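Input: a single structure, listed below in structure tokens.
Index from 1, following the sequence. Quick caveat: nothing in here was measured; it's all calculated off a predicted structure. Indexing begins at 1, ligand by ligand and atom by atom, following the structure's order.
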Amino acid sequence: MLEDAQLAPSNCNTQPWQMHIVSGAKRDELSQAILADDDAGHNTPDFSFALSDFHGPYSERARSQGAAYYEAIGVRREAIEDRRTAARLNLSFFGAPHVALLFMPSFGDNVRVAGDIGMYGQTFLLSLTAHGLGGIPQTMLGFYADTIRKVLGVDPSLKMLFGVSFGYPDEAHAANAYRICKAPIEESLTFHQ
Ligand SMILES: Cc1cc2nc3c(=O)[nH]c(=O)nc-3n(C[C@H](O)[C@H](O)[C@H](O)COP(=O)(O)O)c2cc1C
């Protein structure tokens, strides 16, 4: 799976990915550290993220995804504390035994390098699935970039884009029992002749 990911294409073959895989006692230590950050309201993202930045159909898709997910796991919209507890599952890696953190060097406005990290991450995710495992990409882990770098001894020049919690999926879990709504192909594609 790591060999598959390593074959991902990148701008000018720069291969800008640096992935740290964390398991065992270090995984638990990392989870405790970012849960403590969350308790303290201490966020240190390298890149901005706000649901309010989405607009039009993108905002609508994000909203309906959230609603479908919380309904599937039995959390009501108005149950603020339950929603927080559910969101915090991100920080214990949804119970997965391993988490991969994806870091990148900074080049220019970082858009191209972030695209390359996406290529690498998706190749890794597809290979996990092909081998009977599963992974969850998580931007939310990047909200604790400074703490993660500190716990893992990662150089501050490397920016964290997202993480991937992975292991063998719990197919019976409610979160895996609903199929997310995808837009029809026509909404994303235009043919020209
Ligand atoms: C880069 C990236 C970051 C994501 N971050 C999170 C996250 O922080 N927490 C989470 O629960 N899901 C996260 N997701 C999962 C998306 O919510 C999910 O991919 C989307 O709703 C579509 O569902 P599907 O992957 O089942 O098709 C992320 C996905 C991507 C590609």
Side-chain angles (χ1 to χ4, degrees), residues 5 8 10 16-20 22 27 30-31 33-35 37-38 42-54 56-75 77 82-96 98-104 110-130 132-145 147-148 158-185 187-188:
S10 58
W17 36 79
Q18 287 289 324
M19 188 159 79
H20 287 243
V22 188
R27 171 219 178 272
L30 185 65
S31 177
I34 59 179
L35 281 164
D37 262 6
D38 184 59
H42 182 231
N43 284 2
T44 53
D46 290 327
F47 303 103
S48 68
F49 178 85
L51 287 173
S52 56
D53 285 344
F54 297 143
Y58 315 107
S59 170
E60 176 49 33
R61 289 172 196 160
R63 198 204 55 74
S64 70
Q65 187 276 332
Y69 174 65
Y70 284 115
E71 187 186 341
I73 61 170
V75 172
R77 168 176 285 276
D82 291 352
R83 284 175 78 109
R84 178 164 184 264
T85 302
R88 272 165 67 90
L89 291 175
N90 273 277
L91 311 186
S92 52
F93 318 126
F94 295 99
H98 312 286
V99 61
L101 291 321
L102 282 96
F103 294 91
M104 50 182 258
N110 283 316
V111 172
R112 312 276 170 212
V113 65
D116 292 341
I117 304 302
M119 293 272 176
Y120 178 88
Q122 174 71 333
T123 307
F124 181 54
L125 285 165
L126 288 172
S127 190
L128 285 171
T129 301
L133 287 89
I136 306 173
Q138 293 172 253
T139 287
M140 192 171 165
L141 294 177
F143 297 175
Y144 310 94
T147 298
I148 293 172
L158 291 173
K159 303 301 171 199
M160 197 190 138
L161 196 57
F162 58 89
V164 177
S165 295
F166 67 99
Y168 288 97
D170 177 359
E171 304 286 3
H173 194 281
N176 288 327
Y178 81 109
R179 284 276 51 87
I180 207 158
C181 181
K182 298 286 182 180
I185 290 172
E187 282 190 27
S188 311

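Looking at M140 next to ligand 1, an N or O pair under 3.5 Å apart turns up. Taking any N or O of I136, backbone or side chain, none lies under 3.5 Å from an N or O belonging to ligand 1. Between T139 and ligand 1, a contact under 3.5 Å exists for at least one N or O pair.
With 3.5 Å as the limit, one finds a donor-acceptor pair spanning the side chains of D38 and Y144.
Nearest to atom 14 (N) of ligand 1 among the protein's heavy atoms is P137 O, 3.1 Å. Counting only heavy atoms of the protein, atom 23 (O) of ligand 1 lies nearest to I180 CD1, 3.2 Å.
In this structure, atom 3 (C) of ligand 1 has a protein heavy-atom contact shorter than 4.0 Å. For atom 25 (O) of ligand 1, the protein comes within 4.0 Å by no heavy atom at all. Taking a distance limit of 4.0 Å, we find that atom 19 (O) of ligand 1 is approached by no protein heavy atom. At a distance under 4.0 Å, no protein heavy atom can be found next to atom 16 (C) of ligand 1.
Remark: ligand 1 atoms within the under-4.0 Å shell around heavy atoms of N90 are 7 (C), 8 (O), 9 (N), 10 (C), 11 (O).
R27 places a side-chain N or O within donor-acceptor distance of the main-chain N or O of S92, the cut-off being under 3.5 Å. Side chain of T129 to backbone of G134: no donor-acceptor contact under 3.5 angstrom is found. A donor-acceptor pair under 3.5 Å is absent between the side-chain atoms of D46 and the main chain of G142, judged by distance alone.
At a 4.0 Å cut-off, at least one heavy atom of K182 sits close enough to ligand 1 to count as contact. Put simply, part of F94 is less than 4.0 Å from ligand 1, judged by heavy atoms.
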